Structure formats: structure tokens, C-alpha cells
Number of protein chains: 2
Amino acid sequence: MRAAPKPPSAEQPELDTIVEAILYLYTESRRITKDVAARHGVTGPQLAVVKMLEPVGKLSLSELSWKIRARNSTVTGIIDRMEREGLVERRRSEDDRRVIHITLTKKGQRLAGEIPVEPVQIFRQILSELSPRDAGELSRILTRLARRVRELVQEKGEVE
Amino acid sequence: MRAAPKPPSAEQPELDTIVEAILYLYTESRRITKDVAARHGVTGPQLAVVKMLEPVGKLSLSELSWKIRARNSTVTGIIDRMEREGLVERRRSEDDRRVIHITLTKKGQRLAGEIPVEPVQIFRQILSELSPRDAGELSRILTRLARRVRELVQEKGEVE
DNA sequence: GCGAATTGTTTCGCGTGCGAAGCATTTGAT
DNA sequence: ATCAAATGCTTCGCACGCGAAACAATTCGC
């Protein structure tokens, strides 16, 4: 697992452009999501949770964590605040009493209905302006990149 | 529960793939950056600040905010903690006494020398495995996307 | 020159976001 | 059956990250 440390890759200004763009797209779409959510009295992550729960009814806290790419300890806090606001309920699973199922309350369901777009949809909407060809290319390249990163991560902190 | 208010955008699973990949790449590279920084006793954003300051010597707080894509109020906190650790110094500008110049202390400079990569470089390193053709395509498409988003943002909350 | 608008920074309150440690429950190995 | 490891969740302390409000210095309008 020593992966030969890639020699200092020479100049490739394109790479910086790509990094710039991804960072920009990510942070900006996050801010947009936040604005949309704020109009309905919730935060970005809370809106994400509501929209995750809407179609399936219930999810365990871990499943939720996985879906919104956060750690359990983070999601615990988000659910705490949502429960305080009466948007969701915690219910202990019958099968496995370690598991907590999260469900939407009536209020949560109403909210889900009011907001047409799920957060990711905003990103998606921007992307939908791409030509099918570009979308295909983008999808192909990014997927490969993600796979590669996943490999690296699995090999444990080989960076540096 | 009502017919799905399906938005006019057609079915394009590729878009979801793209969204997935960008989210993944972003969050994962952030975690990797954090790990690298932690090995040297600082946080991700702090490492970013150190590496921003290294080549130019001094930057105003606003310039720093712009560069790391955060708000001034956020950067104030980051600089507070870095100053407490003796990594940077605040100095009032002579020309415009509203401006605060941030500079690296000896300790900060030493740290900058110890850490070879700037945070963005990690992202960059992953990207450098792309073939030149793919890098070109990716750059082209993402740049166009970012430009489009910038337009939308400027037109003020056009979303929804 | 003078008050009003603008700009650069800080303060405040709140909501993530994380890792480490802790607790309860389940699973596995013997 | 028993105990150790694994799993699911929570708690804690800390560091962002943001918008709104406050404050100081500068610039603008006249």
C-alpha cells in the first residue's frame, strides 16, 4: 500500500479550474438550498431530512446519516432540533431495540408537501441545462473519479 | 398522497449520478484535508489560511474570506483561534485604518514550510490522475456550469 | 465641510459537523 | 450459557459557517 507518490505533477491549469468550479458549485448550491429552506422556516439539512423521509415513511438514524453524508453524531443533533419543532418523531424499533426509526409528523408531512424541490433537486436543476452529451461525459468522468477516491480512502490515509 | 408534482425536467438518472459524485468528491476531499492538517496540529481551514498567506506575506481579512469562500464573520473566528495559537498576527493597515492585515508569525511560517501540500492540492492530486482529454472536458463543462450558476445568483433568487 | 451612505471588521446566537468516549443491545465465539 | 466484539445511538467539547446587528473609519453628495 505504499502507492508510489506521484511526482509533483507539472503545470495543468485546467486542474485548478476544475477544483475552483467544484468548490464554487458546491458552496453556492448549498447557500441556495439554505435560502429555499429558510423561506419555510427550516434549515438546509432539515429540509434534506424531510425530503428523504417523505417517500419512504421511516428511516433509521444511520440510514439517514448515510444518505445526507454526515456522521451519526451530527444527525442526532439535527433530529433533536427537528423533534423539538415537532417535525419528526423518534420511535424505537421492535426488531432491534438499538435502532431508532425516524418518521415525519403531520406537521412534517405538510411541510414536505409545501416544498416542491428537494435540496439535491436544485443542483439537479442547474445540471439539467447541460446537453445530453455533456451530461454523459460529466457523469462518466466524475463517477470514475469518485471510484478512485473511494479506493484511496479505503487504503487508509495514503495522502501525503 | 397526490400525484407527484413532477417537474418538467425529464428523467435523467445521469444527473443524479453527477450530483452524487460531486457531493462525494467534495465531502471526502474535505475530510482528507482535515486529516492532513490534523497531523500538524491545525484544522482544515487554518491550513488553508496558512497556505494562502505563505506566498504573499499579508492579506486583509476580506481578501482571505474571499479566497477561502467564507464570510467575514467566519474568518474572524478562524483568525482569532490562529492568533491564540501564535500562528498569525493582526496588524492595522496604515493606509486605511478599517483594514486588518493578517501575517504569518515565525511559527506560522515554519508550519507552512512543513506542510508540502495546500488543501486544494489534495483535490488537485486526485484530479491529476485524469487523462488530459477528460480533464479538458471536465474543465470545459464545469466552467460553463459555474458561469450559469453565477448568472442565476446575480439575478437574485431565481430558484423556485 | 458636514452629515449620510458605504466599507471593513467584530460580536452574537444558532445550527451544523466531527471524533472520542460512553451506553445499551445484539451477535459471535467458545 | 457466557463473555467479548460489534453495532446503533447519544453526549460532549470544539471548530466552523452563517446572517443580523453593531461599530469604526472612509467616502460620497452637496
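What you see is a predicted model, and the numbers here were worked out from it, not measured in a lab.
Checking the phosphate oxygens (OP1, OP2) of dT16(C), no side-chain nitrogen or oxygen of R69(A) falls inside 4.0 Å. Note on R90(B): a side-chain N or O is less than 4.0 Å away from OP1 or OP2 of dT10(C). Residue T43(A) has a polar side-chain atom (N or O) positioned under 4.0 Å from OP1 or OP2 of dT16(C). OP1 or OP2 of dG19(C) sits under 4.0 Å from a side-chain N or O of R71(A). Phosphate proximity of dA24(C) to R97(A): absent, as no side-chain N or O sits under 4.0 Å from OP1 or OP2. Here T74(A) does not reach the OP1 or OP2 of dG17(C): none of its side-chain N or O atoms lies under 4.0 Å away.
Rounded to an integer number of Å, the gap from NZ of K34(A) to C1' of dG17(C) is 14 Å. For the pair I100(B) CD1 and dC23(D) C1', the computed distance is 13 Å after rounding to whole Å. As rounded to whole Å, 11 Å separates atom P of dT26(C) from atom CD of E94(A). Whole-Å rounding puts the K58(B) NZ to dG8(C) C1' distance at 16 Å. One interatomic measurement links the two molecules: OH of Y26(A) to P of dG17(C), which rounds to 7 Å at whole-angstrom precision. For L47(A) and dG15(C), the CG to P distance is 16 Å, given to the nearest whole Å. For E83(B) and dT9(C), the CD to C1' distance is 13 Å, given to the nearest whole Å. Atoms CZ (R31(A)) and P (dG15(C)) sit 19 Å apart, rounded to a whole Å.
Pairing each heavy atom of V50(B) with each of G108(B), the nearest pair is CG1-O, 4.0 Å.
If you check distances only, the side chain of R98(B) does reach the base of dT7(C) with a donor-acceptor pair under 3.5 Å. Not a single donor-acceptor contact under 3.5 angstrom links the side-chain atoms of S62(A) to the base of dG8(D).
The line from NE2 of H40(A) to CG of L47(A) is 8.0 Å long, rounded to the nearest 0.5 Å.
Between R90(B) and D80(B) there is a salt bridge, since a side-chain N of the basic residue sits under 4.0 Å from a carboxylate O of the acidic one. Of the charged side-chain nitrogens involved, none lies within less than 4.0 Å of a carboxylate oxygen, so that K58(B) and E89(B) do not count as a salt-bridged pair.
Looking at the side chain of S73(A), the nearest of the listed nucleotides dG17(D), dT11(D), dC16(D) is dT11(D). Here the nucleotide nearest the side chain of R84(A), chosen from dC18(C), dG15(C), dA20(D), is dG15(C).
If G77(A) and D35(A) are placed on DNA chain D by their nearest nucleotide, the residue sitting closer to the 5' end is G77(A). For T27(B) and S60(B), each mapped to the nucleotide of DNA chain C holding its nearest heavy atom, the one lying further toward the 5' end belongs to S60(B). Heavy-atom distances to DNA chain C give each of D96(A) and N72(B) a nearest nucleotide, and the one nearer the 5′ end belongs to N72(B).
V49(B) and V99(B) are not part of a single hydrophobic cluster, where members link through side-chain heavy atoms under 4.5 Å apart.
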